[in-house]
Each structure stands twice: as C-alpha cells, then as structure tokens.
There are 2 protein chains.
Amino acid sequence: MARRIGIKDVAAAAGVSTATVSHVLNRVEGKRIGQKTRQRVWQAAEELGYAPNGLARGLRLQRSQTIGFVSDEIATTPHAGRMILGAQEAAAAEGLLLLLVNTSGDAELERTSIEMLLQRQVDGVLYAAMYHRTVRLPESLGATPTVLLDARSEDPAVPFVVPDEVQGGYTAVRELIHHGHRRIGVTVQTVDLPARQGRLEGYRKALAEAGIPYDPSLVAAETAVPFNTTPGDVETGYRAARRLLTAEQRPTALFCFNDRMAAGAYRAAAELGLSIPGQLSVIGFDNQELVCESVYPALSTVQLPHYEMGARAVAQLLALTKTPGRPPGPDTNALLLCPLVARASVASPPRL
Amino acid sequence: MARRIGIKDVAAAAGVSTATVSHVLNRVEGKRIGQKTRQRVWQAAEELGYAPNGLARGLRLQRSQTIGFVSDEIATTPHAGRMILGAQEAAAAEGLLLLLVNTSGDAELERTSIEMLLQRQVDGVLYAAMYHRTVRLPESLGATPTVLLDARSEDPAVPFVVPDEVQGGYTAVRELIHHGHRRIGVTVQTVDLPARQGRLEGYRKALAEAGIPYDPSLVAAETAVPFNTTPGDVETGYRAARRLLTAEQRPTALFCFNDRMAAGAYRAAAELGLSIPGQLSVIGFDNQELVCESVYPALSTVQLPHYEMGARAVAQLLALTKTPGRPPGPDTNALLLCPLVARASVASPPRL
DNA sequence: CCGGGTTGGTTAATCGTTTAGCCAACCGTG
DNA sequence: CACGGTTGGCTAAACGATTAACCAACCCGG
C-alpha cells in the first residue's frame, strides 16, 4: 500500500519547499506568497488528495484537537447518548474529536483511563455523571482544563454544567396546577441528590406561587429494595404511589421523581382502578422516551436537556482553554432549562 | 504551569541518554542495559511521574493506538451505549482508545467526520449501525482496516459482527412453545431488514421443529404511520396486535418484532380485556430494559448482545491489523447469540 | 601484547508538521 | 549607482519519541 502522502509530496509536486506549502495551506497571516505559487500548491494538494497528519501537527502545536469524555456509566440510559451526542457535535463543529472512556464507577479503571487520555495529549476533559450528583475530581486532572457534566464538585474552581432541577420541578407542578389540581402528591426516592433536592424545591415553589399550602403527607419517599438496586426504579415508584393513592384523602395528581417511578404509578393506578388521566393525572421527569411512550396513555414529563448540556460543556471547555486562568465565577457554570413535554397523562381533576 | 516532563527530563535525571531511557522503559529486546542503569532510569521516571507523549510516539511508530467508532445514531437507544461500551472496554484492555463520531445518517457529515478520524491516524474503524441492516462503506475508508458492527456490507471483503437473528427468533418462539402454545402470532413491521427476515425465519424454524404448521394469517405486518416515523414503534405494534387478537381464532401467544411493538401489544390486550400472561403470553425482542420493566407484567424478551458485539468487533479489528491481507473468509465475521431473558409475560395458554 | 567477542551505552536520523529568521531579487529614489 | 523597502520563498530548528548504527571499554585466551 502506498505511503500516505504528506506535505513534502505536495511540496515536490508544486516545486516549492514544505514551508511554503504549510504557509499557503494554513493561510498564515503576514506571510506573503505569490498568487501563482498559491495556485500551484492548492492544485498539487488537491490532486494528491493531501490531508495533514494530525499527530505531527499536534506534536508541533502542542494540542491534539481532541477532548476526553470521561463518564461513569455509558450504557444504562439514553441520557448518556444524548450528552455524548451534544458534546460530539459541538466539538466537531470546532474541529475537535471526542475520545471516550467509561469508568463504571471503578476508581482504578478511572485512573488508568485518564492516564491514557492524558498520554494522548487531550486538550481538555469533560467529566460526566449519568445523573446529577456531586463528585470528586481525580487529582491527575489537575493540570488539564476540565468541565463537569451533570455533576458538581466540592471544589468551586471547576466549572460545571447541570440541569436546573428547581425550574424543572416547578415546571412540572405548575403544569398540574394549571389543569386545576390542588392536591398534588410527590413520589420520590430517598437518596439525597441535587436532583431530589432541586425538584422538591421546585414543587414547593410552584405550590407557594399558587397559594397552596405545603402538606408533607403528600410527599412519599420510598427506598429501593433490595438496597443496592438503582434508586428510583419502577418498583419504588409503585410503592410510593400506592401509599399516596390509598390514603384517606388521595391526591388528584402525582408528580413523580422520574419516568420510571411514574411507570410504577401507572401500575398502582391500574390496580386501584383509577384511570389516567381521567381520575388521576401523572407527570414524570427525565423524558425517557422509551418509557414515556411504552406506557399508556403516553406520559407527560419534563425533559432533562442532555443534548444541550453536552454541547454547552464543550463550549465552556473551549472558553477555559482560551483563558488559561480559570476564573471560578458563576459565569463559568451553567444551569440549563428543563422544558415541559406534554403528552397524554395530565388532565383536569375529576369534579367532585 | 510547568511543561509536561518528557523523556529527556528522565534522561537528565538519570544521567543517561534519551535512547537509553527509551530502551529501558520499552524493554527493547536484544538491548542490554546494566542493572544499575535500569534501576536509575526506572526510579527517575517514577519520581518525575513520566508519561510518554502519545502523539510523538504515534508519529514515530505510525500508529496512534486509537480506533474510530463511526455510528449513524448514538442517542436514541441504549443499544448504542452498550455497543460503545463493549468496544471501549475491549479496546482499553489492549491500550486503545475510542474516537467517537456520529453521522446522523448524513452523508456529508459522515464524510467530514471520517476525514477527521483519518487525519488523526486512527489504526482502524468500527462502522456501526444502530439496527441490523445493510450499508455501503464510504470509499475514504478503503485503505483503513474496518469492521462493520450490527451491519453488513454488499462488499463481502469487509468483516462484520451481527446478532444471530434466526437463532434469536427461534429462541423466542421456542420459549412460547415450551409453555404449551401452538397458536402463536407474530407482529412485525413491514420494512425489509436482515433483522426482520432472520427473526421470521427463526419463527418458522421453531414451528417446524415442533411440528406446528405455518399459518400466514398469524403474521401481522404493519406499516408505521405517518410513513417517516421509525418502523416498529409502539403504535405499529398496537395495530398489528389488535388485528391478530380480534380475528376469529385468536392466538394464545404473541411474538413481537421488538419490545416497543410488544408494549403496543400490551395496550391492545388491555383494551380487549385480555390479561397477560393469563390469557395471552407476549414475548418481545431487543431487551430494552426501560421498556421491559416499564410495562406490567415485566416483558420477557430476547436480548441483542450489543456489548459482546462491540467487544467482538474490536477483536476482529485487531486481528485485521495484524494480518494485513484481509482474508474474506467466514471466520472474519461473527454471528452472536441472542439469549432469552425471561420475565413475567409468558405463561401456559389458558385451558379451553 | 594483540585480536576478537561481549557489555553497556551514545549518536544521529526519522516520523510530518509549523514557524522564526534569513536571504535574494526586484523596484523606485535621491 | 548605492540604498532602503518590499516581495516571495527557503533553511533549519523545533515538537517528543524510537531505533539502526556505531563506539568505547573491558575481558580473556593465545
């Protein structure tokens, strides 16, 4: 197989030096090259199908045009896919490529993975969690520009991009209130996450705004069993919903911590003979489309803006590499809006 | 910020030449270096925290220790995540990293993406589809070792890794037969894919093996409307199932082309007052966990071995790079088994 | 004491780019 | 004609590794 053609092949073909080729092809400012030579170089490059060697260029320029995407979990949800996609497309638009690694939450694996990234001279790293939580950044990333994705750090100096959980919870509950609901239950898991806190805060904010008193008995927190399963699964949602719906004064609507828990609420409602949305309105969170459209009627929910988060994180990272002294101001962080996705599970409450 | 430390820093610290450092650190065979010097080099490298510069090494060795993962769609299903994860972990085990790009089915985007990959001197490319289909490989990949993932090519010379759809369909239907079903309906979409063909073939094979005559009226093929939506969605599955279940002699079990269509079957069953699995058994395909566990009772299905496919594809790619002349024998391809995932939607047929 | 083998390293070229600095030719002026 | 300023392009030194080729020193037998 013929050796890949390089800049010196182009130089030879055009009858100039490699320096000239480089100058022409990179349109170096302040370098004056004659029209005719320019033409010859362009043409030669074109004919030979020249493409620069990124490794060589990276070596010379001390930048690989590559960023590392470190995530704790890639496979379990489509969330990861959307974040990656957002990041990848935003990166590609800037001529950057994503180098992907997964840590599975394993510290040792994380260490070696990051080492591999650094060896390849990544220009920066996106450190992503698959649900909004607080992480501790590995020390080896100290010298590399880093942005947290769907995660926060204890260290305020490192920028993060997260969803605005409060606004999201607020949006969900306001949707219910707009339809006339006033007794709104919440089903939630018990693990304390920024997501949990934020969404509950949004719930209270929407209630307060509508002048509805906060009733703690309407908040059903349930722990996943067995203990080591993912919190916030269907089963947990089922139990929480069942508890609320069998209480003496049952709510007319349910705000579920996530779509999977909402699927559990559907099951509880079916068991109790409550039709959705006629007798019970349900709203979820996450917009996991597979879930929302597998249940019937299709689940209204609030979307986590994963694609946008990925894209935004790349933007933040780029900003970081341009201004080396990372100013830990609030402008380096981003809270992204969670829009409502209305489907068919919310209606007006039944008239009494 | 201190310049990254390189091989010459180590050399200086150990009081030797860079050549010696390289020899020691790479354990070059046939090169004899004294024990003491070895020690000094190791120690110096350790203390300085030396890590080789992958770009420089790649440039010299003409190989980047990096492989490109080109996929048409990353975000819509967790399938992509599993394939990527499998590929990533298998790659990492060999010291390789994945460079990820998404084409969104856009030919122009695909062209530029692949160009970016080639510029970075990827050692090979995994070309992945998100559902089993036939693709045409871009010409620019001609000179690069390539393996198809969940896809086949018209060109027999390019190796592929795909699920064994026939065995999968066979497995699903045999599960129903084992429970005593003899009237087994199939719901399927109308687009002609390897997946569709294979699963139907597996269906007939299982039937034949059990001595059950093939009845075409039990195969409900339905087209998605509006036309441009994804084939095989919930709605399509609903319509197909409804048709079968309202026929005069309705089947006691349904084999659905995928889990989403199975979710549609659940809805049809609910409407017709048929309980699952008491009056109707349902089995899906794909093992989309979010779907399988969002419906009630949890859906039994057949798993597409995406993780394994990703891992296997990396192995094939590695084999390819080691033996440059790609022998298009069948051993360069792989058909991976689709195991049964039994949940709660299959039981014995009701006694008449 | 000489010649040849072994041991333990070093020198320098190379991978494919970029870019600072140099230089030759040319042009118009005083 | 000497001279400064432009124009257009070349030379050569990086970037950080690997590796073929070379070499100095030592040892040992004859």
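The chains referred to below are lettered A, B, ... by the order of the sequence lines, with proteins before strands, and numbering in each begins at 1. No hydrogens, no waters, no symmetry mates; every other heavy atom, side chains included, goes into these values.
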A/L59 side chain, from C-beta outward: closest of D/dA17, C/dT17, C/dG16: C/dG16

- prompt: Can you name the salt bridge (Lys or Arg N to Asp or Glu O under 4.0 Å) partners of B/D9, sequence neighbours left out?
  reply: B/R3

task: Would you mind listing every ring-ring contact (aromatic ring centres under 6.0 Å, His included) that reaches into residues 62-96 of chain B, with sequence neighbours excluded?
output: B/H79-B/H306

Tabulate atom names and distances for all N/O pairs under 3.5 angstrom spanning the protein and nucleotides 12-14 of chain C.
unit_1, atom_1, unit_2, atom_2, d
C/dT14, O2, B/R60, NE, 3.4
C/dT14, O2, B/R60, NH1, 3.2

task: Between protein and nucleotides 22-27 of chain C, map the contacts as a letter string: B base, S sugar-phosphate only, - none, heavy atoms under 4.0 Å, written 5' to 3'.
output: ------

message: Show every side-chain hydrogen bond (donor to acceptor under 3.5 Å, both in side chains) that has at least one partner inside residues 40-55 of chain A, sequence neighbours left out.
response: A/Q43-A/E47

- prompt: Is any side-chain nitrogen or oxygen of B/T20 closer than 4.0 Å to OP1 or OP2 of C/dT10?
  reply: yes

Contact check, side chains of A/L141 and A/I114, non-hydrogen atoms, under 4.5 Å: yes

message: For A/H132, run the side chain to side chain contact (heavy atoms under 4.5 Å, CB included) check against A/L149, A/L304, A/V162 and tell me which one passes.
response: A/V162

- line: Contacts satisfying ring-ring contact (aromatic ring centres under 6.0 Å, His included) that involve residues 98-126 of chain B (not counting sequence neighbours) are none

- prompt: For DNA chain C, whose closest nucleotide is more 5', that of A/S22 or that of B/I33?
  reply: B/I33

message: Does anything in residues 92-127 of chain A form a ring-ring contact (aromatic ring centres under 6.0 Å, His included)? List the pairs, not counting sequence neighbours.
response: none

task: Name every residue in residues 6-17 of chain B that has at least one heavy atom under 4.0 Å from any atom of DNA chain C, in order of residue number, or write none if there are no such residues.
output: B/V16, B/S17

- prompt: Which pairs count as salt bridge (charged side-chain N to carboxylate O under 4.0 Å, His left out) when at least one residue sits in residues 96-108 of chain B, sequence neighbours excluded?
  reply: B/E108-B/R111

- prompt: Do B/R63 and B/Q121 have side chains that get closer than 4.5 Å, going by heavy atoms?
  reply: no

query: Are B/Y307 and B/E89 linked by a side-chain donor-acceptor pair shorter than 3.5 Å?
result: yes

- line: So the side-chain hydrogen bond (donor to acceptor under 3.5 Å, both in side chains) pairs with at least one residue in residues 92-103 of chain B (sequence neighbours excluded) are B/N102-B/S104

message: What's the closest nucleotide to the side chain of B/Y50 if the choices are D/dA17, C/dT17, D/dG16?
response: D/dA17

Please write out the pairs of protein N or O atoms and N or O atoms of nucleotides 25-28 of chain D separated by less than 3.5 Å, giving the distance to one decimal.
none

Heavy-atom donor-acceptor pair, A/R82 side chain to B/I74 backbone, under 3.5 Å: no

task: Output all residues satisfying salt bridge (Lys or Arg N to Asp or Glu O under 4.0 Å) with B/D123, sequence neighbours left out; order by chain, then residue number.
output: none

statement: Considering only heavy side-chain atoms of A/Q62, the closest of D/dT19, C/dT17, D/dC15 is D/dC15

query: Taking the nucleotide of DNA chain D with the closest heavy atom to each, which residue, A/Q35 or A/L61, is nearer the 5' end?
result: A/Q35

